[in-house]
Number of protein chains: 2
Amino acid sequence: MEYTKEYLAEFGIKPSIQRIAVMKYLLNHKTHPNVDEIYMALHSTIPTLSKTTIYNTLSLFVESGAVSSINIDKRNIRYDADIKPHAHFRCKNCHIIIDLPVPNVCHEVFSISDIYKDLQIQDVEISLTGYCQHCQKDELSETEE
Amino acid sequence: MEYTKEYLAEFGIKPSIQRIAVMKYLLNHKTHPNVDEIYMALHSTIPTLSKTTIYNTLSLFVESGAVSSINIDKRNIRYDADIKPHAHFRCKNCHIIIDLPVPNVCHEVFSISDIYKDLQIQDVEISLTGYCQHCQKDELSETEE
DNA sequence: TTATAAAATTGTAATCATTACAAACTTGAA
DNA sequence: TTCAAGTTTGTAATGATTACAATTTTATAA
Ligand SMILES: [Mn+2]
Ligand SMILES: [Mn+2]
Ligand SMILES: [Zn+2]
Ligand SMILES: [Zn+2]
């Protein structure tokens, strides 16, 4: 609670019951939840909580740099309190999203290479898709999304 | 026309007026168009063309591996006839999408590294966002999406 | 404390890309 | 020609996100 408050302050975000609750949830659940999951988890303890507030709050967090948004799932935007550079893998079967380390060399490419020097790069998102270790399938039977 | 037909055949896709038109458009317009742009461009020459057909056709192309879909734009899915590995940059101001080369070492990471050996990786998408050379801005005045 | 303005939250309605679905059409083999 | 499979079409449904105005909370100054 106090920690979360200070954490928000580091990004210049004024605390409120709702903001603290959302940030705390993200810090404790590194599962890349979407808006609905956050709402479901919180509205039992804060019954007046509105889904619009979740949207507003997450937009604020992302713009402030406290949280990163992940577009790997076409259905919903997902959110991640881990703002260190890393990649994501999404299983096409069970939809789990797994954090993947990426060697620094690979990230440095975008900041150091001459090729990109005309661009003001702010965010890098690396998304992999396929099947996780529990959902492996042979190349032949490709049916589901 | 004949070339496009043969191109589709390489991916096991049966040709039809509509499919040929969509594929031809993608081969000639490497601007990462969305469904609406494709529809607008084609329905003057094929007045009976339905938007649903564009959706169906593009899904078929993506599943067959003839085209890749790009999720860099939260609003719409974009499509790319260039299926060689490369990254994309999207300008937050003018929304242009630019192709970026990525050194092979960076792509090989995902296939060679031991870290990922439990995963059956099928697709890799690398998306950068920021401001293009025409839309550069100083860090202070951050307003727009 | 009280008054007042700014900031934050809330609920409802609108938007709009995508999907679902069933009917109509096309194709090609029997 | 017949028939079934494959393809296209139009309309309706879905559902995440955004817009917006009203309400509530917070901060500040009189
Ligand atoms: Mn993550
Ligand atoms: Mn491209
Ligand atoms: Zn899985
Ligand atoms: Zn630009």
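Each chain gets a letter, A, B and so on, in the order its sequence line appears, and its residues count up from 1.
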Phosphate contact ([N] OP1 or OP2) by [X] side-chain N/O below 4.0 Å:
X        : N       : answer
Thr48(A) : dT9(C)  : no
Thr53(A) : dT10(C) : yes
Ser16(B) : dT8(D)  : yes
Gln18(A) : dT10(C) : yes
Arg75(A) : dT17(D) : no

Side-chain heavy atoms of Asp118(B) within contact of Gln136(A), under 4.5 Å = no
inquiry  = Can you tell me whether the side chain of Thr52(B) and the base of dT11(D) have a donor-acceptor pair closer than 3.5 Å?
reply    = yes
Length of the [atom1]-[atom2] vector between [X] and [N], whole Å:
X        : N       : atom1 : atom2 : value
Ile46(A) : dT24(D) : CD1   : C1'   : 15 Å
Tyr79(B) : dA17(C) : OH    : P     : 13 Å
Tyr39(A) : dT17(D) : OH    : P     : 15 Å
Ile17(B) : dC25(C) : CD1   : P     : 17 Å
Glu37(A) : dA16(D) : CD    : P     : 11 Å
Ile77(B) : dT19(C) : CD1   : C1'   : 11 Å
Tyr55(B) : dC21(C) : OH    : P     : 17 Å
Ile13(A) : dA7(C)  : CD1   : C1'   : 15 Å

Considering every strand and a 4.0 Å limit on heavy-atom distances, what is the contact class for [X]: base, sugar-phosphate, or nothing?
X        : result
Lys51(A) : nothing
Asn34(A) : nothing
Asn56(B) : base

request  = Take the angle between the ring planes of His29(A) and Tyr25(A) and call it parallel below 30°, perpendicular above 60°, tilted in between.
outcome  = parallel
key: Of Lys14(B) and Pro47(B), the one whose closest DNA chain D nucleotide lies more 5'   = Lys14(B)
task = Give the nucleotide from the list dT18(C), dT9(D), dT9(C) with an atom nearest to the side chain of Leu49(B).
result = dT9(D)
ask   = In terms of side-chain heavy atoms of Asn76(A), which of dA17(C), dA7(C), dA16(D) is nearest?
value = dA16(D)
message = Under the criterion side-chain hydrogen bond (donor to acceptor under 3.5 Å, both in side chains), I'd like the reasoning laid out for Asp80(B) against Ser68(B): C-alpha separation, chi angles, the key distance, then a yes or no.
response = CA-CA 5 Å; Asp80(B) 195 345; Ser68(B) 68; 4.7 Å; no
query = Does any N or O in the side chain of His134(B) come within less than 3.5 Å of the main-chain N or O of Cys132(B), such that one atom is a donor and the other an acceptor?
reply = no
SG atoms of Cys106(A) and Cys106(B) less than 2.5 angstrom apart = yes
